[in-house]
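Read through the structure below, which is laid out as structure tokens, and then see the notes.
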Amino acid sequence: MFEKKRQWELEMEKSPDRWYRYTMRALVERSRAAIAEYLNAEMDNLVMVQNAADGLNSILRSMKFARGDKLLLAGTTKGSTRNLARYLSNRFGVEIVDVNITKDDLQSDERILDKFNQTLVEHSPVKIAILKHVTSTPSRVLPIERLIPLFRGHKARLAIDGSHAVGVLNVSLSELQPDYYTADLHRWLLAPRNVGFLYMPEHLQQHLRPAIISANYKKGFVKEFCWIGTRNYAAEVTLEDTLDYRSAKGEEEIRRYVREMALEGARMIARTLETELLVNDSSSLAGMADVRLPRIEAESIPQLHRKLLAKKVILSHLHEFDGNVYLRVSAHIYNDGKDFATVGRVLNSLLPRPSSKCKEESLSCEMQC
């Protein structure tokens with residue numbers, strides 16, 4: 001896909017005027033049609049954006065907020081989404097409501113649904129929520145198909161970031177019928193960076209503007225998003241090639257391999273470290289899993305990360321959750337069991353060894369049992 005993108009960039013540079021006036025627009029429309037079909041979405045309800053942050057900014061910064069309006073987030077929400085919420089709080093006085101998700105909650109869809117329902121009741125009315133279809137740190141598939149009607153029943157809008165879902169799960173937007181759904185496409189779909197999509201039904205499109213206002217202001221949902229100046233559209237154009245590649249490889253085979261390899265690899269590392277997974281249910285995971293790291297405190301994460309990089313071990317993420325440190329591992333079609341065996345072996349050599357006192361206490365406990 002990188003080479004395909006470079007070919008389109010060279011085509012653009014040969015004749016920029018022809019590219020922007022004629023060639024590029026038709027090619028982007030083909031890619032938009034292809035991703036709409038892939039997601040089982042009506043094409044008029046889907047536009048291209050650069051990434052999920054672009055999509056979420058377009059949604060939230062187009063809304064009218066009053067002081068005291070409530071924006072709901074999962075307590076584990078970090079990064080650009082958390083900062084977007086902070087921006088709205090600072091500018092408009094929006095109240096951020098965090099849903100505290102625990103380790104026990106992650107073991108059951110019912111517990112997750114109960115936790116969100118309880119929060120919606122306690123903090124009613126909530127104006128809008130931002131949730132990930134598949135959470136990042138820690139990683140867990142949320143029961144989005146049940147959360148959408150739950151939020152709708154509480155008259156709360158729901159914006160979904162599907163960046164860790166599209167390409168791993170079967171996402172059918174016509175079946176889900178979300179208020180808003182946006183995603184990066186470089187993470188799991190294998191598209192180049194700087195391409196994503198934003199989906200919403202027609203009745204919500206009228207007042208929505210792109211994060212960057214350009215030449216097609218108020219000319220319609222699709223037109224406003226299709227032209228954001230003379231930026232590089234090569235990644236969007238390459239999207240059709242990406243979907244053709246996946247189709248040739250076998251879409252269901254890719255998804256199956258990614259999910260199975262991530263869980264198998266995480267279990268392999270857990271066995272090596274004599275520890276366990278945060279979530280160990282295949283139906284609740286999608287390409288990522290979290291392995292608890294023994295004998296390490298949160299303040300040691302940066303040091304351990306540097307050591308792993310020095311060993312040329314590529315990792316997804318080290319993070320703290322519910323009082324423990326976890327390694328989030330991920331898998332794709334280019335990974336195999338040897339990669340995870342290496343990670344487990346290197347981690348085992350770097351983590352602190354159990355002290356003699358710990359060993360004695362463990363032996364004493366075993367003898368008493």
Side-chain angles (χ1 to χ4, degrees), residues 72-78 81-82 97-123 129-151 153-154 158 160-166 168-171 176 188 255-256 258-298 301 315-331 340 343-344 347:
L72 184 145
L73 303 174
T76 54
T77 302
K78 302 179 180 69
T81 303
R82 175 68 62 178
V97 176
D98 278 305
V99 182
N100 180 34
I101 304 294
T102 67
K103 176 182 177 180
D104 290 338
D105 293 330
L106 294 176
Q107 310 310 315
S108 161
D109 282 355
E110 297 303 325
R111 289 192 62 135
I112 292 172
L113 290 160
D114 288 345
K115 183 64 70 76
F116 279 106
N117 185 57
Q118 179 183 350
T119 306
L120 286 165
V121 170
E122 290 178 356
H123 295 273
I130 308 173
L131 296 179
K132 292 180 181 289
H133 192 156
V134 179
T135 60
S136 179
T137 50
S139 182
R140 213 277 191 188
V141 179
L142 293 184
I144 285 295
E145 69 284 352
R146 298 174 67 186
L147 285 167
I148 290 170
L150 173 65
F151 277 82
H154 285 277
L158 177 57
I160 302 166
D161 178 351
S163 297
H164 287 300
V166 176
V168 187
L169 303 179
N170 179 23
V171 177
L176 288 174
W188 299 99
R255 293 175 185 171
R256 182 197 61 78
V258 167
R259 297 186 71 172
E260 290 181 359
M261 188 73 260
L263 183 56
E264 179 186 336
R267 287 171 174 171
M268 188 183 304
I269 294 171
R271 287 194 297 269
T272 301
L273 301 180
E274 298 181 351
T275 181
E276 70 283 333
L277 274 61
L278 176 60
V279 176
N280 201 2
D281 172 23
S282 60
S283 65
S284 301
L285 297 172
M288 300 183 291
D290 297 275
V291 181
R292 185 178 66 82
L293 298 186
R295 306 180 302 278
I296 182 172
E297 302 296 329
I301 288 176
L315 301 172
S316 291
H317 203 69
L318 294 165
H319 65 98
E320 181 186 17
F321 176 71
D322 216 18
N324 287 293
V325 174
Y326 289 91
L327 164 71
R328 188 193 72 189
V329 298
S330 57
F340 295 94
V343 172
L347 267 173

* Does the side chain to side chain contact (heavy atoms under 4.5 Å, CB included) test come out yes or no for T137 and F321, once each step is laid out? -> CA-CA 8 Å; T137 50; F321 176 71; over 6 Å; no
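- Side-chain atoms of E260 never come within 3.5 Å of backbone atoms of R255 as a donor-acceptor pair (strictly under, hydrogens ignored).
- Formation of a donor-acceptor pair under 3.5 Å by the R259 side chain with backbone atoms of S282 is found in this model.
- Remark: R82 CZ to T76 OG1 distance equals 8.5 Å, nearest 0.5 Å.
- The two residues S136 and K132 have their closest heavy-atom pair at N-CD, 4.0 Å.
- Using a 4.5 Å cut-off on side-chain heavy atoms (C-beta onward), I160 and I148 make contact.
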* Where do L293 and L273 land on the side chain to side chain contact (heavy atoms under 4.5 Å, CB included) test, with the steps shown first? -> CA-CA 7 Å; L293 298 186; L273 301 180; 3.7 Å; yes
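- A salt bridge does not link D290 with R328: none of the charged nitrogens is closer than 4.0 Å to a carboxylate oxygen.
- Scanning both residues, I269 and F340, for their nearest heavy atoms gives CG1-O, 3.5 Å.
- To the nearest 0.5 Å, atoms CD1 (I301) and NE2 (H317) are separated by 7.5 Å.
- Contact record, L169 with A286: CD2-CB, 3.8 Å, taken as the closest heavy-atom pair.
- Within the 4.5 Å cutoff, the side chain of L347 has no heavy atoms near those of the T272 side chain.
- Residues Q118 and V99 are not in side-chain contact: their nearest non-hydrogen atoms beyond the backbone lie 4.5 Å or more apart.
- Applying the salt bridge (Lys or Arg N to Asp or Glu O under 4.0 Å) test to pairs two or more places apart or on separate chains, none has a residue in residues 279-289.
- Within the structure, every pair that satisfies the salt bridge (Lys or Arg N to Asp or Glu O under 4.0 Å) test and touches residues 107-120, not counting sequence neighbours, is listed here: D105-R111, D105-K115, D109-R140, E110-R146.
- Separation of atoms CZ (R256) and CE (M261) is listed at 11.0 Å; rounding is to 0.5 Å.
- From T77, atom OG1 reaches atom CG of D98 across 7.0 Å, with rounding to the nearest 0.5 Å.
- Residues V134 and V168 have side chains not in contact (no heavy-atom distance under 4.5 Å, counting atoms from C-beta outward).
- Minimum heavy-atom separation, L277 to A270: CD1-CB, 3.7 Å.
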* **Verdict with supporting geometry, V325 and E297, side chain to side chain contact (heavy atoms under 4.5 Å, CB included)** => CA-CA 7 Å; V325 174; E297 302 296 329; 5.8 Å; no
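- Inter-residue side-chain proximity for T135 and I101 is flagged as unmet; no heavy-atom pair is nearer than 4.5 Å.
- The CG atom of L150 lies 9.0 Å from the CZ atom of F116; values are rounded to the nearest 0.5 Å.
- Ring geometry for Y326 against H319 counts as parallel: the plane angle stays under 30°, on a 0 to 90° scale with 60° as the upper cut.
- At least one side-chain heavy atom of L263 sits under 4.5 Å from a side-chain heavy atom of N280.
- Using a distance-only test at 3.5 Å, with no hydrogens or angles considered, no donor-acceptor pair links the side chain of S108 to the main chain of D104.
- Within 6.0 Å of atom CD in E122, more than 12 heavy atoms from other residues, nucleotides or ligands are found, so the atom counts as buried in its surroundings.
- A salt bridge between D322 and R292 is absent, with no side-chain N of the basic residue lying under 4.0 Å from a carboxylate O of the acidic one.
- From H123, atom NE2 reaches atom NE2 of H154 across 12.5 Å, with rounding to the nearest 0.5 Å.
- Here the closest heavy-atom approach between residue W188 and residue V166 is recorded as CB-O, 3.4 Å.
- Scanning all heavy atoms of the two residues, the minimum distance from P143 to I112 falls at CD-CG2, 4.1 Å.
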